[in-house]
*Asks:* 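Before I ask anything, let me first share the structure, which is written out below as structure tokens.
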Amino acid sequence: MSIIPLEVHDYAFAHSTPQSANLRQVEAWTRDHREDHGMLTGRLEGGLLRLLVSLSGARRIVEVGTFTGYSALSMAQALPEDGTLVTCELDAENAQAARRHFAADPHGHKITLLEGPGLDSLATLRGPFDLAFVDADKENYPNYLDALLPMMRPGGLLAFDNALWSGAVALDDDLRETTVAIRLLNERLRAHPRLDNVLLTVRDGLHLARVL
Ligand SMILES: C[S@@+](CC[C@H](N)C(=O)[O-])C[C@H]1O[C@@H](n2cnc3c(N)ncnc32)[C@H](O)[C@@H]1O
């Protein structure tokens, strides 16, 4: 979901490096087969993630919330040949679709998918990671921060998707559990003494924080 009008989004995409043929297929398959295809990070944010990996020189990435694999493949494209990306997915059907998409992509071999609750999967991992992208159950966003921060290398980048929650975070009377959790995450990223952050208004809000 995006808070940017669709035609502006399309214009921006038309003036950005096109997505790969494989990513186009992942997007098309997801739109055709999944009612919840609005969860795709999609073309623009996928392109931004790819650039962030390139610019940061990341070699070890961790992701929470694979869905059908779009964001993982977007980031894997920019990893060096020996780079690795671990992605965590709760839902077995999503994991199956993502595995199929990884197998069909020339960058898919860099990706390992861990199936199960993200917090449990993260507890099995060891850092240091260069980049973390979180796009899963919003209620756990503050817990994902707690789990990830000790595994990030100094200079590493944390990225949390849906940090604007369709604008709900700015409405004081919205007290839904998800909104409250995202607000708490945003506040913690802003106030943390070891983080340098910016909340981008890209798509549904992408909150970036560099570990100092
Ligand atoms: C917004 S989608 C991710 C979209 C994906 N990043 C992309 O670019 O297509 C959120 C995903 O998180 C998964 N998810 C939800 N709760 C989770 C949890 N506790 N642990 C791991 N994954 C979870 C959902 O099944 C869903 O596939």
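All values derive from a computational prediction rather than experimental measurement. Note that ligands are numbered from 1 as they come in the structure, with each ligand's atoms numbered from 1 the same way.
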*Asks:* N/O of Gly69 under 3.5 Å from N/O of ligand 1, yes or no?
*Replies:*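 Among all N and O atoms of Gly69, none is under 3.5 Å from an N or O of ligand 1.
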
*Asks:* Answer yes or no: is there an ion pair linking Glu27 with Arg24, defined by an N-O contact shorter than 4.0 Å?
*Replies:*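 Salt bridge between Glu27 and Arg24, a charged N being under 4.0 Å from a carboxylate O: no.
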
*Asks:* Nearest non-hydrogen atom to atom 27 (O) of ligand 1 belongs to which of Met75, Glu89, Lys138?
*Replies:*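 Checking each option, the heavy atom nearest atom 27 (O) of ligand 1 is found in Glu89.
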
*Asks:* Considering only the protein, which heavy-atom contact is closest to atom 14 (N) of ligand 1, and what is its distance?
*Replies:*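 For atom 14 (N) of ligand 1, the nearest protein heavy atom comes out as Ala136 CB, 4.0 Å.
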
*Asks:* Can we say Arg183 and Asp174 salt-bridge, meaning some charged N sits less than 4.0 Å from an Asp/Glu carboxylate O?
*Replies:*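 Answer for the salt bridge query: no.
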
*Asks:* For the backbone of Asn162 and the side chain of Lys138, can you confirm whether one donor and one acceptor N or O come within less than 3.5 Å of each other?
*Replies:*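 Not confirmed, Lys138 side chain does not pair with Asn162 backbone.
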
*Asks:* Measure from atom 10 (C) of ligand 1 to every heavy atom in Asp135, Asn140, Thr68, Val134 and give the option owning the shortest one.
*Replies:*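 Nearest option to atom 10 (C) of ligand 1, by heavy atoms: Asp135.
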
*Asks:* Would you mind checking which non-hydrogen protein atom is closest to atom 7 (C) of ligand 1, with the distance to 0.1 Å?
*Replies:*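 Result for atom 7 (C) of ligand 1: Ser71 OG, 3.5 Å.
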
*Asks:* Assess whether a salt bridge exists between Asp10 and Arg43, defined as any Lys/Arg side-chain N lying under 4.0 Å from an Asp/Glu carboxylate O.
*Replies:*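 Between Arg43 and Asp10 there is a salt bridge, with a charged N closer than 4.0 Å to a carboxylate O.
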
*Asks:* Can Tyr141 and Asn186 be counted as having a side-chain donor-acceptor contact under 3.5 angstrom?
*Replies:*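 The answer is no; no qualifying pair exists.
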
*Asks:* Hey, does the side chain of Asp130 reach the backbone of Arg60 with a donor-acceptor pair shorter than 3.5 angstrom?
*Replies:*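 A pair under 3.5 Å: yes.
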
*Asks:* To the nearest 0.1 Å, how far is atom 23 (C) of ligand 1 from its closest protein heavy atom, and which atom is that?
*Replies:*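 Answer for atom 23 (C) of ligand 1: Leu90 CB, 3.6 Å.
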
*Asks:* Answer with side chain, backbone, both or neither: which part of Asn94 has a heavy atom less than 4.0 angstrom from an atom of ligand 1?
*Replies:*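 For Asn94, the contact with ligand 1 is made by the side chain alone.
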
*Asks:* Just need the protein heavy atom nearest to atom 8 (O) of ligand 1, so name the residue and atom and give the distance.
*Replies:*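 The protein heavy atom lying closest is Thr41 OG1, 2.7 Å.
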
*Asks:* Under a heavy-atom criterion of less than 4.0 Å, does Gly116 contact ligand 1?
*Replies:*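 Gly116 counts as a contact of ligand 1 under the 4.0 Å cut-off.
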
*Asks:* Under 4.0 Å from a heavy atom of Asp91: give me the atoms of ligand 1 that qualify, with their elements.
*Replies:*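 Selected atoms, number and element: 25 (O).
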
*Asks:* What is the nearest protein non-hydrogen atom to atom 20 (N) of ligand 1, stated with its residue, atom name and distance?
*Replies:*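 Scanning the protein heavy atoms, the shortest distance from atom 20 (N) of ligand 1 goes to Gly118 N, 2.7 Å.
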
*Asks:* Tell me which part of Thr66 gets within contact of ligand 1: side chain, backbone, both or neither, using heavy atoms under 4.0 Å.
*Replies:*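 Thr66 to ligand 1: backbone contact only, side chain stays beyond 4.0 Å.
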
*Asks:* Take Met151 and Val62 through the side-chain contact (heavy atoms from CB on, under 4.5 Å) test and state the conclusion after the steps.
*Replies:* CA-CA 10 Å; Met151 292 198 285; Val62 59; 5.8 Å; no

*Asks:* Indicate, as side chain, backbone, both or neither, the part of Pro117 found under 4.0 angstrom from ligand 1 when only non-hydrogen atoms are considered.
*Replies:*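 Within the 4.0 Å criterion, Pro117 contacts ligand 1 through backbone atoms alone.
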
*Asks:* Considering heavy atoms of the protein only, find what lies nearest to atom 15 (C) of ligand 1 and give residue, atom and distance to 0.1 Å.
*Replies:*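 Ranking protein heavy atoms by distance from atom 15 (C) of ligand 1, first comes Asp137 N, 3.9 Å.
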
*Asks:* Regarding Trp165 and Thr178, is there a side-chain donor-to-acceptor distance under 3.5 Å anywhere?
*Replies:*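 On atom types as modelled, these side chains qualify, holding a pair under 3.5 Å.
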
*Asks:* Under 4.0 Å from a heavy atom of Leu40: which atoms of ligand 1 are those, numbered in the order shown and with their elements?
*Replies:*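 Listed by number with element: 9 (O).
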
*Asks:* Examine distances only and state if a side-chain atom of Thr179 and a backbone atom of Leu175 form a donor-acceptor pair shorter than 3.5 Å.
*Replies:*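 No: the side chain of Thr179 does not pair with the backbone of Leu175.
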
*Asks:* Could you name the option among Ala98, Ala97, Gly65 that has the heavy atom nearest to atom 12 (O) of ligand 1?
*Replies:*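 The nearest heavy atom belongs to Gly65.
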
*Asks:* Can you list the ligand 1 atoms lying under 4.0 Å from a non-hydrogen atom of Tyr144?
*Replies:*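 The list of qualifying atoms is 18 (C), 19 (N), 20 (N).
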
*Asks:* Is a donor on one side and an acceptor on the other found under 3.5 Å between the side chain of His15 and the backbone of Tyr11?
*Replies:*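 Here the side-chain-to-backbone pair exists.
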
*Asks:* Measure the CD-OG1 distance between Glu63 and Thr41 for me, rounded to the nearest 0.5 Å.
*Replies:*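 Between atom CD of Glu63 and atom OG1 of Thr41 there are 7.5 Å.
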
